[in-house]
Amino acid sequence: MDVRIRPLVPDDSAAVGRIFFLAVHEGTRTAYTAAERLAWAGETIDLASWETRVAQLGGWVAELNGEPVGVMTIDATGYIDLAFVLPSCTGRGIGARLLRACAARAADLGATALSAHASLVARPFFEAQGWHVEAEEIVERRCVPLRRFRMTGPLRTDR
């Protein structure tokens, strides 16, 4: 498996939109209803929105044989906003590699811990990395309530 982790760049917006869309619509089927997934990710990929969003984020892209298959973003406080891997590529350690890259970047920026809002599907991944739930939350997307978890984790770059 030829996985490469590289910095996120503005030209990645279409790939990030695709990864997010498929991760939500396919990867969370067992945890969220069709209505919840639709409220969360929409019916189609809004490329203009992703162009704007990706231009404002820092983070990493995982490529498998040259194709983007995962994304994770990090800010100076250690907050992870996006953390998604294509459903066809989960369970291969890609998320853990992205998390290590984000942790290293957060440490460089002066953060002392990591945090995220994790979905029902992402929670077990983060827990396996030594994270814990601070609180369960309900957030509304397009008037539909979605369950998620505010989580924090150690600033580990060695795993």
Side-chain angles (χ1 to χ4, degrees), residues 1-28 32 37 40-42 44-134 137 139 141 146 148-159:
M1 179 171 73
D2 182 23
V3 175
R4 182 173 79 104
I5 306 297
R6 63 161 176 80
L8 176 70
V9 297
D11 285 346
D12 289 322
S13 59
V16 170
R18 178 179 177 271
I19 292 166
F20 168 81
F21 188 83
L22 292 173
V24 171
H25 280 290
E26 295 176 14
T28 69
Y32 293 96
R37 295 190 315 271
W40 184 2
T44 61
I45 301 168
D46 182 349
L47 291 177
S49 177
W50 281 107
E51 285 174 4
T52 301
R53 190 167 182 191
V54 169
Q56 299 169 354
L57 296 171
W60 305 94
V61 170
E63 290 182 337
L64 177 59
N65 302 319
E67 294 295 321
V69 297
V71 62
M72 196 173 288
T73 63
I74 190 82
D75 70 13
T77 68
Y79 179 72
I80 293 172
D81 183 20
L82 300 175
F84 296 96
V85 173
L86 287 177
S88 61
C89 296
T90 60
R92 300 183 190 187
I94 293 169
R97 289 185 60 187
L98 286 165
L99 184 57
R100 280 194 303 274
C102 283
R105 178 69 178 141
D108 289 347
L109 294 171
T112 57
L114 299 176
S115 64
H117 287 99
S119 70
L120 295 167
V121 172
R123 177 184 174 175
F125 163 77
F126 284 113
E127 287 176 330
Q129 308 304 313
W131 288 50
H132 64 276
V133 172
E134 294 286 324
E137 302 174 337
V139 63
R141 296 287 185 257
L146 299 172
R148 71 178 188 185
F149 304 92
R150 188 174 71 236
M151 298 186 75
T152 57
L155 192 64
R156 253 190 264 172
T157 59
D158 60 344
R159 288 177 53 123

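Within the structure, salt bridge (charged side-chain N to carboxylate O under 4.0 Å, His left out) pairs that include any residue of residues 107-118 do not occur (at least two apart or interchain). For the side chain to side chain donor-acceptor pair (under 3.5 Å) condition, the pairs that include at least one residue of residues 3-12, sequence neighbours left out, are Arg4-Glu63, Arg6-Asp12, Arg6-Glu63. Screening residues 71-86 for side chain to side chain donor-acceptor pair (under 3.5 Å), with sequence neighbours left out, gives Arg53-Asp81, Asp75-Thr77, Tyr79-His117.
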For residues 17-27, which side-chain N or O atoms pair as donor and acceptor with protein atoms under 3.5 Å away, sequence neighbours left out?
| residue | atom | partner | partner atom | Å |
| --- | --- | --- | --- | --- |
| His25 | NE2 | Gly42 | O | 2.7 |

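Of all non-hydrogen atoms in Ala76 and Ala111, the two that sit nearest each other are O-CB, 3.6 Å. Scanning all heavy atoms of the two residues, the minimum distance from Pro124 to Val121 falls at CD-O, 3.2 Å. Taking each heavy atom of Ala62 and Val3 in turn, the nearest pair found is CB-CG1, 4.4 Å. Taking each heavy atom of Tyr32 and Leu120 in turn, the nearest pair found is OH-N, 2.9 Å. Nearest heavy atom pair, residue Phe125 against residue Met72, reads CE2-CE, 4.4 Å. For Cys89 against Leu64, the heavy-atom pair with the smallest separation is SG-CD2, 4.0 Å.
In this structure, Phe84 CZ and Ile94 CD1 are separated by 15.0 Å, a value rounded to the nearest 0.5 Å. To the nearest 0.5 angstrom, Leu155 atom CG is 10.5 Å from Cys102 atom SG. To the nearest 0.5 Å, atom CE of residue Met151 and atom CD1 of residue Ile80 are 10.5 Å apart.
Under a 3.5 Å cut-off, the side chain of Thr52 and the backbone N or O of Ala48 do form a donor-acceptor pair. Between the side chain of Thr90 and the main chain of Pro87, a donor-acceptor pair closer than 3.5 Å is present.
For the salt bridge (Lys or Arg N to Asp or Glu O under 4.0 Å) test, residues two or more places apart in sequence or in another chain that qualify with Arg148 are Glu137. Checked against side chain to side chain contact (heavy atoms under 4.5 Å, CB included), Thr152 has the following partners two or more places apart in sequence or in another chain: Ser115, His132, Glu134. Taking Glu127 as the reference, Arg123 meet the side-chain hydrogen bond (donor to acceptor under 3.5 Å, both in side chains) condition, with sequence neighbours excluded. Remark: Leu47 pairs with Ala14, Ile45 by the side chain to side chain contact (heavy atoms under 4.5 Å, CB included) rule, at least two apart or across chains. In this structure Pro154 satisfies the side chain to side chain contact (heavy atoms under 4.5 Å, CB included) test together with Trp131, Arg156, sequence neighbours excluded. The side chain to side chain contact (heavy atoms under 4.5 Å, CB included) search around Ala101 returns Ile5, Trp60, not counting sequence neighbours. Partners of Phe149 by ring-ring contact (aromatic ring centres under 6.0 Å, His included), not counting sequence neighbours: none found.
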Report task. Applying side chain to side chain contact (heavy atoms under 4.5 Å, CB included), run through Thr28 and Trp40 and close with a yes or a no. Result -> CA-CA 11 Å; Thr28 69; Trp40 184 2; 4.0 Å; yes

